[in-house]
Asks: 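Next up is a structure, given as structure tokens.
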Amino acid sequence: MTDPRILTVRPEPDQYAWTFGGAAPLARIAPGTVLDLYTEDCFAGRVRSEKDLVSEVCEFPYLNPQTGPFHIEGAEPGDTVAVHFVSIEPARDWAASTTVPLFGALTSTHTTATLQPPLPERVWIWQLDRARRTALFQARDSDLQVELPMDPMHGTVGVAPASLEVRSALVPDAHGGNMDTPEMRAGVTCFLGVNVDGALLSLGDGHARQGEGETCGVAVECAMNTVVVVDLLKDVATPWPRLESDTHIISTGSARPLEDAFRISQLDLVRWLVRDYGFSELDAYQFATQAVESPLANVCDTNYTCVAKLRKEWLPARETYRGAHARLRETARALRR
């Protein structure tokens with residue numbers, strides 16, 4: 001196997017992208033390139049202590065900086081970009097989480113307008129033990145401490161949207177974006193449908209860990225050192241972002257209301273079974289109904305994101321996405337040797 005090209009990118013502060021679409025490429029890459037990336041946290045590194053309130057140290061809409069975009073040579077509408085996460089490692093020994101006024105699932109918001117005042121703005125700094133792979137929760141109102149296992153992931157991965165749209169990096173949709181699913185971890189391949197020439201791939205929003213749903217709207221946010229392998233599947237369509245792990249195939253859907261996000265993810269999974277696994281539409285509908293797992297990704301962003309996942313051991317032995325996940329896994333193993 002030919003050694004892949006490795007491109008290392010450590011962006012300067014003025015090189016981050018804040019949107020999907022509308023940003024000039026940071027670099028052009030060939031399919032098969034390994035990207036060794038630094039990504040900043042969603043606050044652009046400005047929330048560093050309990051005194052650093054988001055409303056005071058961050059300027060809207062400059063939240064959720066993305067590393068990229070990367071123009072993928074040969075990518076055209078109707079193709080699929082495959083992004084395999086080789087490693088996702090916190091770049092600092094601390095991470096931040098907050099409550100943000102009028103943001104989150106258990107508070108009044110701009111779209112769920114009520115008479116109640118916003119929840120208090122508060123910051124929690126999590127200490128990360130990268131050797132022991134733990135994240136330490138320190139309560140603000142007592143001396144309670146709880147260690148949780150780290151489970152690093154990327155909240156935001158996407159390409160430029162279709163129809164000349166430019167979308168904030170805070171928004172998830174069919175182009176990917178701020179999906180906030182804990183499934184986006186090392187060892188997983190993400191498939192994204194190409195909408196514009198070059199695809200314009202970006203990623204960011206590292207989380208040391210996050211519960212399903214991201215209830216308060218903010219995970220354990222941290223800068224990341226991330227390695228991915230980027231490939232291109234010509235003439236393979238992907239209507240909504242999909243993921244493949246060693247154990248599951250995973251569809252996503254992003255919309256409001258929440259039931260529409262659920263429907264999109266479930267329908268996409270049914271159509272995936274029909275296209276690649278030999279099911280008829282109604283057989284796929286019945287099979288998925290009895291076998292699917294449906295964790296929430298986020299119930300706080302501009303669009304909500306739901307996930308529909310199926311165990312590969314229960315599926316017929318068929319190849320999906322031309323075997324890209326297995327092939328990229330081998331590339332990842334070679335990189336670690």
Side-chain angles (χ1 to χ4, degrees), residues 41-43 47 54 63-64 85 88 95-112 114 116 118-124 126 135 137 139-140 146 148-158 168-174 176-185 188 190 203-222 224 240-243 245 248-269 288 292-310:
D41 66 39
C42 70
F43 309 117
V47 177
V54 173
L63 294 165
N64 215 14
F85 288 87
I88 306 173
S97 191
T98 71
T99 50
V100 177
L102 299 176
F103 182 65
L106 300 183
T107 181
S108 301
T109 71
H110 294 290
T111 54
T112 304
T114 69
Q116 288 90 347
L119 290 176
E121 192 172 2
R122 186 169 292 187
V123 175
W124 290 261
W126 291 65
F137 168 73
R140 290 291 308 271
V146 181
L148 298 176
M150 280 203 308
D151 187 9
M153 52 163 282
H154 272 279
T156 308
V157 184
S168 163
L170 296 171
V171 178
D173 211 314
N178 195 29
M179 296 177 285
D180 285 321
T181 172
E183 306 290 346
M184 202 76 71
R185 55 172 65 92
V188 164
C190 177
L203 67 155
D205 192 25
H207 298 171
R209 66 166 294 116
Q210 179 210 298
E212 292 173 1
E214 199 183 25
T215 308
C216 85
V218 185
V220 182
E221 310 282 345
C222 66
M224 289 291 181
W240 284 87
R242 293 173 176 173
L243 297 86
S245 70
H248 289 79
I249 63 169
I250 305 163
S251 287
T252 69
S254 299
R256 283 201 186 201
L258 183 61
E259 56 264 34
D260 281 352
F262 176 86
R263 290 185 182 105
I264 291 168
S265 64
Q266 300 288 319
L267 176 60
D268 187 75
L269 188 65
V292 72
E293 302 166 50
S294 304
L296 294 172
N298 90 79
V299 191
C300 55
D301 288 334
T302 307
N303 286 330
Y304 302 149
T305 301
C306 287
V307 165
K309 53 190 286 193
L310 276 174

Asks: With the side chain counted from C-beta on, respond yes when L310 and H248 share a heavy-atom pair under 4.5 Å apart, and no when they do not.
Replies: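 With C-beta onward as the side chain, the pair stays apart.
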Asks: Are the side chains of V157 and M184 in contact, using a 4.5 Å heavy-atom criterion?
Replies: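 Counting from C-beta outward, M184 and V157 do come under 4.5 Å.
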Asks: If we ignore hydrogens and angles and just use 3.5 Å, is the side chain of E121 paired with the main-chain N or O of V54 as donor and acceptor?
Replies: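 Present.
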Asks: Which atom pair, heavy atoms only, marks the closest approach of D268 to R242?
Replies: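 Scanning both residues, the minimum pair turns out to be OD2-NE, 2.8 Å.
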Asks: Under the salt bridge (charged side-chain N to carboxylate O under 4.0 Å, His left out) rule, what pairs show up with a residue in residues 207-216, not counting sequence neighbours?
Replies: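 Of all non-adjacent pairs touching residues 207-216, none passes salt bridge (charged side-chain N to carboxylate O under 4.0 Å, His left out).
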Asks: On a heavy-atom basis, which atom in Q266 and which in A308 lie closest, and how many Å separate them?
Replies: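 Looking at all heavy atoms of both residues, the shortest contact is NE2-CB, 3.5 Å.
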Asks: Is a side-chain N or O of E221 found less than 3.5 angstrom from the main chain of A219, in a donor-acceptor match?
Replies: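 Yes, E221 side chain to A219 backbone: donor-acceptor pair under 3.5 Å.
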Asks: For residues S254 and I264, report the shortest heavy-atom separation together with the two atoms involved.
Replies: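 The pair with the smallest heavy-atom distance is O-CD1, 4.0 Å.
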Asks: Evaluate S265 against W240 for side-chain contact (heavy atoms from CB on, under 4.5 Å), listing each step before the verdict.
Replies: CA-CA 8 Å; S265 64; W240 284 87; over 6 Å; no
Asks: Is L296 close to V307 at the side-chain level, that is, under 4.5 Å between some pair of heavy atoms?
Replies: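 V307 vs L296: side chains apart.
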Asks: Is there side-chain contact between R185 and P152, with at least one heavy-atom pair below 4.5 Å?
Replies: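 With C-beta onward as the side chain, the pair stays apart.
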Asks: Tell me every residue that passes side-chain contact (heavy atoms from CB on, under 4.5 Å) with R122, counting only those two or more places apart in sequence or in another chain.
Replies: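 Only T99, W124, R140, D141 meet the side-chain contact (heavy atoms from CB on, under 4.5 Å) criterion with R122.
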Asks: Just how far is it from atom SG of C306 to atom CE of M179, taken to the nearest 0.5 Å?
Replies: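 Here the rounded value is 13.0 Å.
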Asks: Sub-3.5 Å donor-acceptor pair from the side chain of D301 to the main-chain atoms of Y304, do we have one?
Replies: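 Side chain of D301 to backbone of Y304, a donor-acceptor pair under 3.5 Å: no, none is there.
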Asks: Residues two or more places apart in sequence or in another chain: which of them pass side-chain contact (heavy atoms from CB on, under 4.5 Å) with T156?
Replies: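 In terms of side-chain contact (heavy atoms from CB on, under 4.5 Å), with neighbours along the sequence ignored, T156 is linked to F20, N64, Q66, N178, D205.
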Asks: Restricting to non-hydrogen atoms, name the atom on A174 and the atom on P241 that form the minimum distance, rounded to 0.1 Å.
Replies: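 Answer, listing the atom of A174 first, then P241: O-CD, 3.4 Å.
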Asks: Locate the shortest heavy-atom distance separating C300 from A105; write the atom from each residue and the value.
Replies: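 Looks like CB-N, 4.4 Å.
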Asks: With sequence neighbours excluded, tell me which residues meet ring pair (Phe, Tyr, Trp, His ring centres under 6.0 Å) with F85.
Replies: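 With sequence neighbours excluded, F85 shows a ring pair (Phe, Tyr, Trp, His ring centres under 6.0 Å) to H154, given in chain and number order.
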Asks: Provide the full list of side-chain hydrogen bond (donor to acceptor under 3.5 Å, both in side chains) pairs with a residue in residues 100-110, sequence neighbours left out, each pair given once.
Replies: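 For residues 100-110, and leaving out neighbouring residues, the side-chain hydrogen bond (donor to acceptor under 3.5 Å, both in side chains) pairs sorted by first residue read S108-T114, T109-T111.
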Asks: Are the side chains of F103 and L170 in touch, meaning some heavy atoms are under 4.5 Å apart?
Replies: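 They are not in side-chain contact.
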Asks: Quick one: does any side-chain atom of T305 pair with a main-chain N or O of N298 as donor and acceptor, under 3.5 Å?
Replies: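 It does not hold such a pair.
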Asks: Side chains of V188 and S245: does their closest heavy-atom pair fall under 4.5 Å?
Replies: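 Yes, close enough: below the 4.5 Å cut-off.
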Asks: Above 12 or not: heavy atoms from other molecules or residues under 6.0 Å from CZ of F43?
Replies: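 Enclosed: over 12 neighbouring heavy atoms sit under 6.0 Å from CZ of F43.
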Asks: Output yes when a side-chain donor or acceptor of E183 lies under 3.5 Å from a complementary backbone atom of M153, and no otherwise.
Replies: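 Pair absent, no side-chain N/O of E183 close to backbone of M153.
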Asks: Which residues pass the side-chain contact (heavy atoms from CB on, under 4.5 Å) test with V171, sequence neighbours left out?
Replies: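 Partners of V171 by the side-chain contact (heavy atoms from CB on, under 4.5 Å) criterion, ordered by chain and then number, come out as R167, S168, T302, N303.
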Asks: Can you tell me how far the CG atom of L63 sits from the SG atom of C42, to the nearest 0.5 Å?
Replies: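 With rounding to 0.5 Å, CG (L63) is 7.0 Å from SG (C42).
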Asks: Are any of the side-chain heavy atoms of S294 and F262 separated by less than 4.5 Å?
Replies: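 Yes, at least one pair of side-chain atoms sits under 4.5 Å.
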Asks: Would L119 and L106 count as a side-chain contact (heavy atoms from CB on, under 4.5 Å) if you check the C-alpha gap in whole Å, the side-chain angles of each, and the deciding distance to 0.1 Å?
Replies: CA-CA 9 Å; L119 290 176; L106 300 183; 5.5 Å; no
Asks: Identify which one of I88, D151, D180 satisfies the side-chain contact (heavy atoms from CB on, under 4.5 Å) criterion when paired with H207.
Replies: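 By the side-chain contact (heavy atoms from CB on, under 4.5 Å) criterion, H207 pairs with just one of I88, D151, D180: D180.
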